[in-house]
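I have placed the structure first, in the form of structure tokens, so that the comments after it can refer back to it.
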Amino acid sequence: MMEVKNNPTIYWSLLTHEDWRMYVAATSQGLCYVGSQNKPFAELAEWGQNRFPGSDWIQNDEQLQPYEAELIEYLQGKRQNFTVPFDFRGTTFQLAVWNALCRIPYGQTQSYSDIAEHVQRPSAVRAVGAAIGANPVLITVPCHRVIGKNGSLTGYRGGLDMKTKLLRLEQVGTSNEGSPVHAS
């Protein structure tokens, strides 16, 4: 991971594409936040006060353009993986969980139990759920690909409607039709 600065400048922008509207933020080190669909700026502001207290906030559409371009390509079904740098802030356990999420293939899903196994903490399913819920960069760290062990859609910071839309988008971009595919 990148070196952590105490109070980096946070650059932010409002990504708009078709019916998608979400706030995106980055430091000079990389993408640090992707918000929920159609949520107000207050969601970003609250997150920022908790994660980056004392930081300067600057709206800078140009600085966020590379991140927004990859997100739009994803929303258009043209991108399955992200190449932009990230600036994650979390515990060692959260970072392990978020890295495990990045290994779930596009168009497939895994359960919370699967992720607990991947991080070698099979009895920590609830802690895995909490770490997934703390994921600051929706879509790019694909926590929407995590479902209940019985195949049910479960909690998602962006809401279950957003999670459903993302899973359906990925199904269109793969040869699989219908329900999300479970990958072990």
Side-chain angles (χ1 to χ4, degrees), residues 12-26 30-44 46-47 64-86 88 90 94 97-119 125-126 128-184:
W12 65 272
S13 181
L14 176 61
L15 178 147
T16 56
H17 173 72
E18 296 177 357
D19 64 338
W20 291 89
R21 181 181 180 274
M22 64 188 104
Y23 287 93
V24 179
L31 186 66
C32 62
Y33 180 84
V34 176
S36 305
Q37 183 181 19
N38 300 322
K39 295 290 183 174
F41 182 79
E43 181 190 53
L44 170 60
E46 181 181 336
W47 170 84
L64 274 290
Q65 193 282 327
Y67 306 104
E68 290 183 1
E70 286 199 9
L71 282 161
I72 289 169
E73 288 172 357
Y74 169 86
L75 294 171
Q76 293 171 331
K78 297 177 182 177
R79 172 174 293 279
Q80 295 186 3
N81 299 298
F82 293 90
T83 62
V84 295
F86 293 98
F88 291 138
Q94 286 173 328
V97 169
W98 299 340
N99 283 320
L101 297 176
C102 290
R103 291 190 296 275
I104 303 172
Y106 181 94
Q108 297 183 12
T109 59
Q110 292 186 359
S111 71
Y112 292 90
S113 300
D114 294 332
I115 301 302
E117 291 285 340
H118 289 302
V119 298
V125 176
R126 285 182 187 229
V128 164
I132 290 170
N135 172 20
V137 283
L138 297 180
I139 302 173
T140 55
V141 173
C143 55
H144 61 276
R145 296 179 188 154
V146 180
I147 61 173
K149 195 170 192 171
N150 64 0
S152 65
L153 294 187
T154 56
Y156 184 67
R157 177 169 61 89
L160 291 182
D161 288 342
M162 182 178 176
K163 184 172 189 165
T164 300
K165 284 176 77 172
L166 294 171
L167 290 172
R168 284 185 182 151
L169 171 81
E170 292 188 11
Q171 289 302 303
V172 170
T174 64
S175 61
N176 304 310
E177 296 295 330
S179 299
V181 175
H182 183 78
S184 295

Nearest heavy-atom pair of [X] and [Y]: which atoms, and what distance?
{"X": "Glu170", "Y": "His144", "answer": "OE2-NE2, 2.7 Å"}
{"X": "Asn135", "Y": "Val137", "answer": "OD1-N, 3.0 Å"}
{"X": "Leu169", "Y": "Gly77", "answer": "CD1-N, 4.3 Å"}
{"X": "Pro136", "Y": "Cys32", "answer": "CB-O, 3.5 Å"}
{"X": "Ala25", "Y": "Leu31", "answer": "O-CD1, 3.4 Å"}
{"X": "Glu43", "Y": "Ser36", "answer": "OE2-OG, 2.6 Å"}

Residue list, side chain to side chain contact (heavy atoms under 4.5 Å, CB included) with Ala134, at least two apart or on another chain: Arg51, Gln94, Trp98

Are the side chains of Leu71 and Tyr74 in touch, meaning some heavy atoms are under 4.5 Å apart? no

Taking the side chain as everything from C-beta on, heavy atoms only, tell me whether Arg145 gets closer than 4.5 Å to Ile115. no

Distance alone, cut at 3.5 Å: any donor-acceptor contact between the side chains of Ser111 and Asp114? yes

Greater than 12 external heavy atoms within 6.0 Å of Asn38's CG: yes

Is it the case that atom NZ in Lys165 sees more than 12 heavy atoms from other parts of the structure closer than 6.0 Å? yes

As an exercise, state the distance from [atom1] of [X] to [atom2] of [Y], rounded to the nearest 0.5 Å.
{"X": "Lys163", "Y": "Asp161", "atom1": "NZ", "atom2": "CG", "value": "12.5 Å"}
{"X": "Ile72", "Y": "Glu70", "atom1": "CD1", "atom2": "CD", "value": "11.0 Å"}
{"X": "Trp20", "Y": "Leu166", "atom1": "CH2", "atom2": "CG", "value": "4.0 Å"}
{"X": "Tyr33", "Y": "Met22", "atom1": "OH", "atom2": "CE", "value": "10.5 Å"}
{"X": "Leu153", "Y": "Leu160", "atom1": "CG", "atom2": "CG", "value": "6.5 Å"}
{"X": "Tyr156", "Y": "Thr164", "atom1": "OH", "atom2": "OG1", "value": "10.5 Å"}

Across all chains, not counting sequence neighbours, the side chain to side chain donor-acceptor pair (under 3.5 Å) partners of Gln65 are none

Sequence neighbours left out, what passes ring pair (Phe, Tyr, Trp, His ring centres under 6.0 Å) with [X]? Give chain and number order.
{"X": "Tyr67", "answer": "none"}
{"X": "Tyr23", "answer": "Trp12, Phe41"}
{"X": "Tyr112", "answer": "none"}

Gln37 side-chain N/O to Asp19 backbone N/O, donor-acceptor pair under 3.5 Å: yes

Side chain to side chain donor-acceptor pair (under 3.5 Å) with Gln110: of Lys149, His118, Glu117, only one passes, and it is His118

Just jot down the salt bridge (charged side-chain N to carboxylate O under 4.0 Å, His left out) partners of Glu68, sequence neighbours excluded, or say none. none

